[in-house]
Amino acid sequence: MTDPHGFLKFPRRPTPARPVTDRLGDFEEVHAGQTLLPLVSEQAARCMDCGIPFCHSGCPLGNLIPEWNAYASHGDWQAAAERLHATNNFPEFTGRLCPAPCEDACVLAINADPVTIKNVEQAIADEAWERGYAPPQPPQRLSGKTVGVIGSGPAGLAAAQQLTRIGHTVAVYERDDRVGGLLRYGIPDFKLDKRQLDRRIEQMRAEGTIFRTGVDVGTDVDAAELLHRHDAIIIAVGATEQRELPVPGRELPGIHQAMDYLTHANRVVQGSSPQPALDARDRHVVIIGGGDTATDCLGTALRQQAASVTQLDINPQPGETRPETQPWPTTHPRIYRISHAHQEARHRAGSDPRLFGTATLRFEPGTAGRVGALHVTLVEVGTRAPRPGTEHTLPAELVLLALGFTGPPHHTPLAQQLRLAPDHRGNYARTDAFTAHAGPAGQDDHRAADRVFITGDAGRGQSLVVWAIAEGRATAAATHQYLTGHTDLPAPITPTT
């Protein structure tokens, strides 16, 4: 166990980021190049080894957090890595990208600062790679069954790795030129260095997973034909339908969806394009939205040397502590949080770039017919109705819409060929076994639907990377159950969790 008095001896000390001035000059990870194992071991020693570890309930993967905290506190990185990988295929991703709901559920968070679980997780994962504790795990024998996975985001990759390791032949189909889905082109390198992704993909190749890039299933290959090639199909295409902002002037040039902007920027960083098609340099940038995607746009625009960057959040500014309506152990309560990108914007401009409780009324043109400004207003808490007398104008030469996603696309050849039906939330409808609901009537359609599984954001809706991996693992267990009649693969969640 950890030091029983560790939480009394040591204050919370998160892993420090690189200096802001250094970070703004490149796209390297904010924690790149640091060796802080003594600090991480000390922080792991703050774990209380609770009788009922609520951090388990805060993590959809059911990560064995107290166990690998204990090993990390004693510097046993191999044992820590084994316990970490027991529940999580890609801890180097979650250790960098997950907002750590486990920390909000930490028992210490009742009246003190929680354990730095996220930092410990990343350190264990990185040490596992450095010390050779994450070798490929090819199957001892093949089952003779084949599975096609459509989409190579975290859910698709997790499902593919689980099924490959247990002996099925798995082919992953990715419509883009590189594997990774949202991890590849949706997440900036300063949050996830793509060498982390490439290393994991090479591990999966060594295990036997087949990757086919540049294949848009439904267009380049008929999805129904692909279903005939495989014993089962897993749909892991994500929730890519971006929410719109239907206000006057939306059609003006210079107003773009945030994910389009991030994709162009990430392609440049990874050497796929010489320069971004959407560039913030020397422009007044306004980002509409208050989530992680908006924050990613903020950090990217700062690195592209925008003239100014403003972020609009229609929600009121939250307080510094948990609201009474979200008591412990409510995971990820709505409190005032400052990301690394917000810290960078404060360093450059001297103030928080966010305008809370603010809504967009309309856009107006500037020079050359492009967007030049937007009219905004403060809104009433709760109703979001405009507050009279608060309308004002902001300069805006590049506007990025980061309003979230409404679900997977439904009017695509893939959805039509497999007769994927929408559920009441706009996601692909599925049963309690992760299989797709059959489309228009017909016994053959129902038999085909038994072999089509829906996972990740495509079935759950827009969510976190940790939920995507949990979905992928659970879907792999359901697929294995269908293919063999039994399963010993872990299923951390159900489709309705």
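On a predicted model such as this, the values are computed, not experimentally measured, just so you know. This chain uses plain numbering: 1 for the first residue, then up along the sequence. Keep in mind that the numbers below use all heavy atoms, side chains included, and drop hydrogens, waters and symmetry copies.
Residue L361 comes nearest to P248 through the heavy atom pair O-CD, 3.5 Å, listed as atom of the first residue, atom of the second, then distance. Across every non-hydrogen atom of R303 and D26, the tightest pair is NE-O, 3.1 Å. Taking every heavy atom of both residues into account, D296 and G186 meet most closely at OD2-O, 4.2 Å. Considering every non-hydrogen atom in both T330 and P333, the closest pair reads O-CD, 3.7 Å. The two residues T2 and A70 make their nearest non-hydrogen contact at CG2-CA, 3.5 Å. Considering all non-hydrogen atoms of both residues, G461 and N427 come closest at CA-OD1, 3.4 Å.
A side-chain donor-acceptor contact under 3.5 Å links R473 to the backbone of T87. Without hydrogens or angle criteria, R354 side chain to D313 main chain gives no donor-acceptor distance under 3.5 Å. Not a single donor-acceptor pair under 3.5 Å links the side chain of K9 to the backbone N or O of F7. Here the side chain of R267 pairs no donor or acceptor atom with the backbone of S272 at under 3.5 angstrom. Under the 3.5 Å distance criterion, the side-chain polar atoms of R96 are left unmatched by any main-chain donor or acceptor of K191. Put simply, the side chain of R460 never gets that close to the backbone of A239: no donor and acceptor are under 3.5 Å apart. Here the side chain of S152 pairs a donor or acceptor atom with the backbone of G180 at under 3.5 angstrom. Remark: side-chain polar atoms of T358 are paired, donor with acceptor, to backbone N or O of F356 under 3.5 angstrom. Put simply, the side chain of T393 never gets that close to the backbone of H375: no donor and acceptor are under 3.5 Å apart. Between the side chain of T475 and the backbone N or O of G472 there is no donor-acceptor pair closer than 3.5 Å.
Electrostatic pairing of E103 and K118 does not count as a salt bridge here, judged by no charged N lying under 4.0 Å from a carboxylate O. R250 has a carboxylate O that lies under 4.0 Å from a charged side-chain N of E244, or vice versa, which qualifies the two as a salt bridge. Look at R199 and E202 and you find no salt bridge, because none of the NZ, NE, NH1 or NH2 atoms lies under 4.0 Å from a carboxylate O.
One finds the OG1 atom of T209 at 4.0 Å from the CE atom of M204 (value rounded to the nearest 0.5 Å). S308 contributes atom OG, which lies 12.5 Å from atom CZ of R283 (distance to the nearest 0.5 angstrom). Annotation: the span from W77 atom CH2 to I124 atom CD1 amounts to 6.0 Å, rounded to 0.5 Å. Note that CD of Q257 is 7.0 Å distant from CG of L403, once rounded to the nearest 0.5 Å. In this structure, the separation between CD1 on I314 and CG on L355 is 13.0 Å, given to the nearest 0.5 Å. Taking CG of D193 as the start and CD1 of I187 as the end, the distance is 13.5 Å to the nearest 0.5 Å.
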Q: For the pair R337 and H342, evaluate side chain to side chain contact (heavy atoms under 4.5 Å, CB included) and give the outcome as yes or no after the intermediate values.
A: CA-CA 9 Å; R337 303 175 192 268; H342 295 133; over 6 Å; no
Q: Run the numbers on F90 and V465 for side chain to side chain contact (heavy atoms under 4.5 Å, CB included), then give the verdict.
A: CA-CA 10 Å; F90 315 123; V465 62; over 6 Å; no
Q: Please step through side chain to side chain contact (heavy atoms under 4.5 Å, CB included) for the pair F363 and L245, ending with a clear verdict.
A: CA-CA 11 Å; F363 300 102; L245 183 63; 3.9 Å; yes
Q. Would R281 and Q304 satisfy side chain to side chain donor-acceptor pair (under 3.5 Å), going step by step from the backbone distance to the final call?
A. CA-CA 5 Å; R281 183 179 296 274; Q304 290 182 343; over 6 Å; no
(Q) For R195 and E28: C-alpha separation, side-chain torsions, deciding distance, then whether salt bridge (charged side-chain N to carboxylate O under 4.0 Å, His left out) applies. (A) CA-CA 11 Å; R195 287 172 290 192; E28 295 294 321; 3.3 Å; yes
Q) What do the steps show when you test F405 against D457 for side chain to side chain contact (heavy atoms under 4.5 Å, CB included), and what is the final call? A) CA-CA 10 Å; F405 303 84; D457 289 2; over 6 Å; no
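A 4.5 Å side-chain heavy-atom check between H347 and E344 finds every atom pair outside the cut-off. For the pair R370 and I255, the minimum side-chain heavy-atom distance is 4.5 Å or more. Side-chain contact between Q43 and N119: absent, with no pair of heavy atoms (C-beta onward) separated by less than 4.5 Å. Considering only heavy atoms from C-beta on, L464 comes within 4.5 Å of P99 through its side chain. You'll find the side chain of P66 stays beyond 4.5 Å of the side chain of C50, heavy atoms only. No side-chain heavy atom of N89 sits under 4.5 Å from any side-chain heavy atom of L157.
Side chains of Q270 and R184: a donor on one and an acceptor on the other come within 3.5 Å. R346 and Q343 are not linked by any side-chain donor-acceptor pair at a separation below 3.5 angstrom, with hydrogens and angles left out of the test.
Partners of W129 under the ring pair (Phe, Tyr, Trp, His ring centres under 6.0 Å) rule, at least two apart in sequence or in another chain, do not exist in this structure.
Within the cation-pi definition used here (under 6.0 Å to the ring centroid, within 45° of the axis), R83 does not qualify as a partner of Y71.
Within 6.0 Å of CZ in R334 there are more than 12 heavy atoms belonging to other residues, nucleotides or ligands. Within a 6.0 Å sphere centred on NE2 of H5, heavy atoms belonging to other residues, nucleotides or ligands number 12 at most. More than 12 heavy atoms of other residues, nucleotides or ligands shown are found within 6.0 angstrom of CD on E364.
Taking the six-membered ring for Trp and thresholds of 30 and 60 degrees, H340 and H31 have ring planes more than 60 degrees apart, a perpendicular arrangement.
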